[in-house]
Amino acid sequence: MPIRLSTLFLRTLREDPADAEVASHKLLVRAGYIRRAAPGIYTWLPLGLAVKAKVEQIVREEMNRAGAQEVFFPALLPREPYEATGRWTEYGDNLFRLQDRKKADYLLAPTHEEMFTLLVKDLYSSYKDLPLSLYQIQNKYRDEARPRAGLLRGREFVMKDAYSFDVTDEGLVASYHAQRDAYERIFRRLGVEYVIVKADAGAMGGSASEEFLSPSPIGEDTFVRSPGGYAANVEAVKTVVPDAVPFDKTPAAVVHDSPNTPTIATLVDLANEKVARADRAWTAADTLKNVVLALTSPEGKRSLVVVGLPGDREVDAKRAEVAFAPNDVEPATEEDFAKNPALVKGYIGPVKDGLAVLGEKGSSGIRYLLDPRVVDGTAWITGANIHEKHVFDLVKGRDFEADGVADIAEVRAGDPAPDGSGPLELARGIEIGHVFQLGRKYAEALDLKVLDENGKLVTVTMGSYGIGVTRLVAVLAEANRDDKGLIWPQSVSPADVYVVAAGKDDSVYQTAEKLVADIEAAGLSVIYDDRQKVSPGVKFGDAELVGVPRIVIVGKGLEQGEVDLWDRRTGERRSVPLESAVAQLR
RNA sequence: CGGGAUGUGGCGCAAUUUGGUAGCGCACCUGUUUUGGGUACAGGGGGUUGGAGGUUCAAAUCCUCUCAUCCCGACCA
C-alpha cells in the first residue's frame, strides 16, 4: 500500500525551527521526519522511521554477511557488570544512573561490552565455540554535557554495536578485518563519503583502532590527511623525528638578562633586540618552551612533569591525554609552583648554571620530557631557571638531556605525514563508525575464559565495532540536500517513488491511483500525494522538502497521455507516455 | 563547568527601551474561490507571556530568585 499524504501523520513546516542550527537538523524537522522530545532526544515520525529502518536494514544485511549474529540486549541494565569493569565510575556524569524501588542501582546502557562478554561467558566454554561475532542494533544512552545538531550528538541514539570473540590474536585480527570490510560495504551502499583514520583507543583500552569519519565542515572531530593517502586522528599522529644535527660550530651557551619576558612573544622580541644575529631573526621556533603539567594517576596520586617543546607550538590537550593515559592531565597550578621552588615560572629551563635542574637526575628530580623535534644538536633559547634570565644556544645532547619523549605538541597543517606521504592538511569529520581491537581487558575483568585444545583455560580476546545509525541519518541528510529540502540517496529514501497528483479533475486522481498501483506491482514503494484540496505549488514544495529522489507528476500532461518524471537531484523533468512510466522507473 | 543569547497560542516572530491588560504571519476549523510553483476573500477556535516572589491603582514590560533551551568553549569510544 502506498503512503498517502492525505492520511500520513505529517505536518511540514515552512520555517526553520529556531532551536536548530545545522541544515540536516532544520530539514529533518521541517520535512516531518523527527520531533524534539527533550534535549538530545528525538521522536521518530513515520517518514523518519522509514529512513532509519532502511539504514538499519543495510547494516543488518552486511553484518549478517560478515558472519555476525544478531541479538538484542536490554537498555536498562544492573550496576554490577559495570562495577566489575570499573566503568560505573569511569563513565562519570555521562552515565544515566537510576534506582529501582528497592534502591538497587541501574543504568541506561551507553554501550554493551560488559553484557556481551557476560553473555558469551554464560553460554560458551570451549575454544571450539570460537570465533564468534555478535551484534545488536539498539538504543544507547549518554548524558552528554552538550547535545547538539539534532541527531548528530544526542543523549539517546541508535547504535549498531558488534563484538568479536577469539582465542588467538590472529583470530582477532581476522575478525577485526571482517568487520572493517563490512563497514566499507555499508558506507558504500549508503552512499556516504568516508575516510578511515588511525585512532587512539582512549578509554576503551586495547590497541589497534580505526575511526570512520565522514568529512564535513560541521564535524566535531579534527583529522589530518596527506596527498599520499595517510589519514589519522590528531591524537594518533606521530611526529616525524628530524635527524640529529652537528653542533661543533654552535657557540657555548650564554645566559642573558631578559627582564619582563614571561611569554614566548616577549622573549623573541627581546632576543631580536639585544642578541641579534647576522643571518636571520629569532622566531618562536628558536625557543624551547617548558610546560609544566600535573598528572593524576587513577589512584589519585598527583605528580608533575615538565615537557619541553618548540615555542611556536602549543600543547594539544587531547594528545597529552593520550600520551599520559591513564593519568589525568592538567596544567600545573599556582599551588604546584609554590611546592616546587626549583621551577621559576616563566623562566623554566633544563639547566641552571650549567647543572641539570630538570630530569630525574636533575636537582629538582622532576621528570623532563622533550618534543620529538628536539633532537641532539639542536640549539635553543630557553629559561635559565633564574627570574628574568634566559640562556641562548643551549644544545640538546651537549648542554642538557631529558628522561624521554612526549609527542604532545599540536599538529599543524603542513607538518609532514609520518609515512612520508606528503604534507598534512587538517579537516573536520563526523565519526560514523569505529572499530577496535579491544584485546583481553573486558574478558579479564569479567573472567571470560575457554578451554583450549590442551584443556587449559585461556582468556578470550575481543573486538568491538560500532556504527552510529541515527547519526548516519543526520550525516546522509547533511550531505544530500539543497535549498529546497532533502534529496535522499535511493538506498535510504523513505520510498522509491513519490507520485504527485496535480489537478482538480477526478480523472487525474483515478489515473494516479492506477499508476501508483502499477508502480507497486513492479516492486517499488510509493509515497502518493493524493490531497485533492491542496494547490500544486504546495504539493511540489512538499515533494522537494521530503526529498524522495524520483518524483512522478500526474496532471495536465494527461491530455497528451503523458506524465512527468522529475529527478529531484538534478531538477530535470521530462514527459513520458503514461504507459511507459513504470518501465522507466524500474 | 566557563562565556554568550533567548524564553510570548502548534511553528516563526512583534509588543519590553518609555508599565495601561497581548498582536502579526504560517498552521488549524467553516464557507466561497483557485488548481503545473506555497491562490484569493470572509468568518472562526486556540495564549493565566517558562516558574516563584516583589514593586505598582495597573506588569509580557520594572526588581529579586529560579527553571529551561540554543550557541561557543571545556568535556565526550
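Hydrogens, waters and symmetry mates play no part in the numbers below; they use all other heavy atoms, side chains included. By convention in this document, chain letters (A, B, ...) are assigned in the order of the sequence lines, proteins followed by strands, and residues within each chain are numbered from 1. Values in this document were obtained by computation on a predicted structure and should not be read as measured data.
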Query raised in the report: A:R14 side chain N/O closer than 4.0 Å to the phosphate oxygens (OP1, OP2) of B:A27?
Result: yes
Report task. Give the nucleotide from the list B:G36, B:C28, B:A77 with an atom nearest to the side chain of A:R11. Result -> B:C28
Query raised in the report: Thinking salt bridges, do A:D482 and A:K484 make one under a 4.0 Å N-O criterion?
Result: no
Query raised in the report: Which is true for A:E544 with a 4.0 Å heavy-atom rule: it touches a base, it touches only sugar-phosphate, or it touches nothing?
Result: base
Query raised in the report: Counting only distance, no hydrogens or angles, is the base of B:G36 paired donor-acceptor with the side chain of A:D564 under 3.5 Å?
Result: yes
Requested in this report: Return the nearest nucleotide to the side chain of A:R35; candidates are B:A77, B:G10, B:G38.
Outcome: B:G10
Query raised in the report: Which part of the nucleic acid, if any, lies within reach of A:R531 when heavy atoms closer than 4.0 Å are counted: base, sugar-phosphate only, or nothing?
Result: nothing
Requested in this report: Identify whether any heavy atom of A:V534 sits under 4.0 Å from a base atom; if not, whether one sits that close to sugar-phosphate; answer base, sugar-phosphate or nothing.
Outcome: base
Query raised in the report: With rounding to whole Å, what would you report as the distance between B:U61 and B:A15 at their P atoms?
Result: 15 Å
Query raised in the report: According to the Watson-Crick and G-U wobble definitions, with both distances under 3.5 Å, which nucleotide is paired to B:G9?
Result: none
Query - A:P536, nearest nucleotide to its side chain (from B:G36, B:G38, B:A77) - result: B:G36
Query raised in the report: Over how many whole Å does the gap from A:L10 atom CG to B:C11 atom C1' extend?
Result: 14 Å
Query raised in the report: Choosing from B:G36, B:G38, B:A77, which nucleotide comes nearest the side chain of A:E113?
Result: B:A77
Query raised in the report: Paired with B:U18: which nucleotide, if any, by Watson-Crick or G-U wobble criteria at under 3.5 Å for both distances?
Result: none
Requested in this report: Figure out the CG/P separation between A:L152 and B:C76, and round it to whole Å.
Outcome: 19 Å
Report summary line: Of B:G36, B:C76, B:A27, the nucleotide closest to the side chain of A:R153 is B:C76
Query - Nearest-neighbour nucleotide for the A:N94 side chain, B:C11, B:G38, B:C76 considered - result: B:C76
Requested in this report: Give a yes or no on whether A:E70 atom CD has more than 12 heavy-atom contacts from other residues, nucleotides or ligands under 6.0 Å away.
Outcome: yes
**Report entry** Note: A:R412-A:E314 ion pair, threshold 4.0 Å (strictly below)
**Finding:** no
Report task. For the side chain of A:K556, starting at C-beta, report the closest nucleotide among B:C26, B:G36, B:A77. Result -> B:G36
Requested in this report: Check every atom of B:C70, B:G36, B:C13 against the side chain of A:A18 and return the nucleotide holding the closest atom.
Outcome: B:C13
Query raised in the report: Does a side chain donor of either A:Y42 or A:E156 reach within less than 3.5 Å of an acceptor in the other side chain?
Result: no
Requested in this report: Could you check which of B:G36, B:A77, B:C70 has an atom nearest any side-chain atom of A:I553?
Outcome: B:G36
Report summary line: Which of B:A77, B:G36, B:G38 is nearest the side chain of A:R142? It is B:A77
Report task. Would you indicate what A:D542 reaches in the nucleic acid, counting non-hydrogen atoms under 4.0 angstrom: base, sugar-phosphate, or nothing? Result -> base
Requested in this report: Could you please spell out the steps behind the side-chain hydrogen bond (donor to acceptor under 3.5 Å, both in side chains) verdict for A:D166 and A:T461?
Outcome: CA-CA 5 Å; A:D166 283 273; A:T461 184; over 6 Å; no
Requested in this report: Find the partner of B:G45: check Watson-Crick (N1-N3 plus N6-O4 or O6-N4) and G-U wobble (N1-O2, O6-N3) distances, both under 3.5 Å, and reply none if neither fits.
Outcome: none
Query raised in the report: Hey, do the aromatic rings of A:F73 and A:F116 have their centres closer than 6.0 Å?
Result: yes
Report task. Would you mind pulling out the nucleotide paired to B:G73, Watson-Crick or G-U wobble, both distances under 3.5 Å? Result -> B:C1
